[in-house]
Amino acid sequence: MSVIELSHRSKQFEEVILGAEALLKELMGIPDNYRVLFIGMGATGQFDMVPMNYIVDGKAGNYVVTGSFASKAYKEGAKVGEAHVAASTKDLNFARVANPDEIRMSDNPAYLHITSNNTIFGTQWKTYPETGDVPLIADMSSDILSKKIDVSKFALIYAGAQKNLGPAGAAVVIIRDDMIEKSNQNLPTMLKYDTYAKNNSLYNTPPSFVVYMIKLMLEWVKGQGGLAAIEKTNEEKAAIIYDAIDNSNGYYRGHAEKASRSLMNVTYRLPNEDLEKEFIAEAAKVGLAGLKGHREVGGIRASIYNAMPVDGCRKLAEFMKEFQKKNG
Ligand SMILES: *Cc1c(COP(=O)(O)O)cnc(C)c1O
C-alpha cells in the first residue's frame, strides 16, 4: 500500500508524521518545549485560528502590517475580537518592514504578529522584534526553512506548506507548550490548537500525502547539509539577481529598500509597463516563467524558493543584461 491508501491510524503513518515533526525539529533546532502540528486550511486558516485561540479575556491581537498577507491577518484578527495595528509600512507601499522603534503595542496585548517575509512586496525581517513576555507570532509561509532562525524567540510560527515545505494543503504550526495550554477551550474542536497537539495532529484524517511529501522535502534539506548550507545557497541566489538590479544604472529599480530585501522574492520595476510586458513575454520564450509581479506592486517578481537552483538565478541575471542591452 502507498501512503495515500494507508490508514492514518496505522503504525506506518504514525512513523511518517512523527518522523516529519522530528526532522523539522532537528533541522530548525526547535527546542523540546515546542510541538510541530500539521493543520489543514493553509496559512490563511491560521489568520483565524491565532486570534480565536488567543484574543480572550479583554486582550488585543497586535499586528505589524508590512504587506498584503499581514493586512489579511490583521483583518481576521479584527473580526474575531480586538485587534491593534502596532506598526504599518503601508504609507511606503510596503517597501520595507517596520523598524523596532516604530512598534507600539496596545495595552494588554495577546500577542504580536509579524509576517517574516512579505511574499508580494519582496521584503523580509532581518532581525525580529523583542517582545519580552508578549508572545511573538510569525507567519513564515514564504521563508520557513530558507535560513537558520532562533525559534526560541517565538511563541508560535506557522507556514503554509506550498512554498518551501511541500505541496499545498496544510499549514505547519510550531507552537510552544504554554501556548498549547492557553488554547481557548470555548472553541469548536477543530479550531483549538490543543486538539492537534494532544493527538499528534491525528484527531481526524490529516492531509497525509502532504505530510509525507514534507517529510521527503525535509530529508532533502538534510541531504543538502541542513539550513546552514541552504541559507548560503539562498544568499548566493538572491545576490545574483540583486547585483543585476544594482548594476543596471537604474534601468531596473528594486521595490524593496536594501535593508529589507527578501532572499525569497525579488521584486523590481523596468522603466515603463510596456517594457515590463515585453520582458515577461521574452523571458517566457527562454524558459524563465512566472515572473509577473503581483498587481499590488506591478513589475517583476522572481520567487526563488529553496527549490530554485543557483543556475536559474544566473540565467535570469544574464537575461536581464541582454534585455537591457536590446531595449535600454
Ligand atoms: C502564500 C502565503 C499565505 C497564504 O497561504 P495559503 O496556504 O494559501 O493560505 C499567507 N501568508 C504568506 C506570507 C504567504 O506567502
Side-chain angles (χ1 to χ4, degrees), residues 24 36-52 61 63-80 83 87-90 93-98 111-126 128-129 136-147 149 154 156-175 190-191 196 201 206-207 209-211 213-214 217 234 238 255-256 260-267 290-297 301-308:
L24 190 68
V36 177
L37 314 177
F38 299 92
I39 303 180
M41 301 189 293
T44 307
Q46 296 306 305
F47 296 170
D48 294 325
M49 276 183 72
V50 164
M52 289 173 107
Y63 290 83
V64 183
V65 178
T66 51
S68 160
F69 290 113
S71 309
K72 282 187 174 164
Y74 163 70
K75 280 180 193 145
E76 292 305 303
K79 278 185 195 164
V80 171
S88 168
T89 55
K90 191 167 195 283
N93 195 21
F94 301 123
R96 61 166 172 83
V97 298
Y111 52 80
L112 183 74
H113 179 284
I114 65 167
T115 309
S116 60
N117 183 74
N118 297 281
T119 322
I120 290 172
F121 294 90
T123 66
Q124 188 172 32
W125 292 78
K126 306 294 164 179
Y128 301 113
L136 179 61
I137 296 183
D139 174 0
M140 292 197 182
S141 293
S142 52
D143 69 351
I144 193 165
L145 220 59
S146 67
K147 58 176 185 171
I149 60 156
F154 298 89
L156 190 155
I157 292 168
Y158 63 88
Q162 66 272 25
K163 284 154 191 142
N164 266 341
L165 294 172
V172 166
V173 177
I174 301 165
I175 181 171
M190 291 299 286
L191 298 173
Y196 295 86
S201 307
F209 185 69
V210 176
V211 174
M213 290 298 292
I214 290 174
M217 176 61 80
N234 283 331
H255 175 73
S260 286
R261 280 177 165 178
S262 167
L263 295 186
M264 296 282 100
N265 310 96
V266 182
T267 49
L291 286 167
K292 193 172 177 338
H294 192 277
R295 60 185 182 280
E296 288 178 61
V297 194
R301 175 175 53 163
S303 288
I304 50 173
Y305 299 116
N306 285 354
M308 170 62 65

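Both ligands and their constituent atoms are indexed starting at 1 by order of listing.
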For the pair Arg96 (side chain) and Thr66 (backbone), establish whether a donor and an acceptor sit closer than 3.5 Å, ignoring hydrogens and angles. no

Qualifying residue, where the test is side chain to side chain contact (heavy atoms under 4.5 Å, CB included) with Val173 and the options are Leu37, Val50, Ile157: Leu37

Going by the side chain to side chain contact (heavy atoms under 4.5 Å, CB included) test, name the single residue among Val97, Asn117, Thr119 that passes it with Gln124. Asn117

Can you pull the residues with any heavy atom under 4.0 Å from ligand 1? Gly42, Ala43, Thr44, Phe47, Phe69, Thr115, Asn117, Thr119, Asp139, Ser141, Ser142, Gln162, Lys163

ring-ring contact (aromatic ring centres under 6.0 Å, His included) between Phe154 and Tyr128, intermediate numbers included: CA-CA 9 Å; Phe154 298 89; Tyr128 301 113; 4.9 Å; yes

Anything under 30° is parallel, anything over 60° is perpendicular, the rest tilted; go ahead and classify Tyr63 against His113. tilted

Flag the pair Phe69 / Phe121 as yes when their ring centroid distance falls below 6.0 Å, and as no otherwise. no

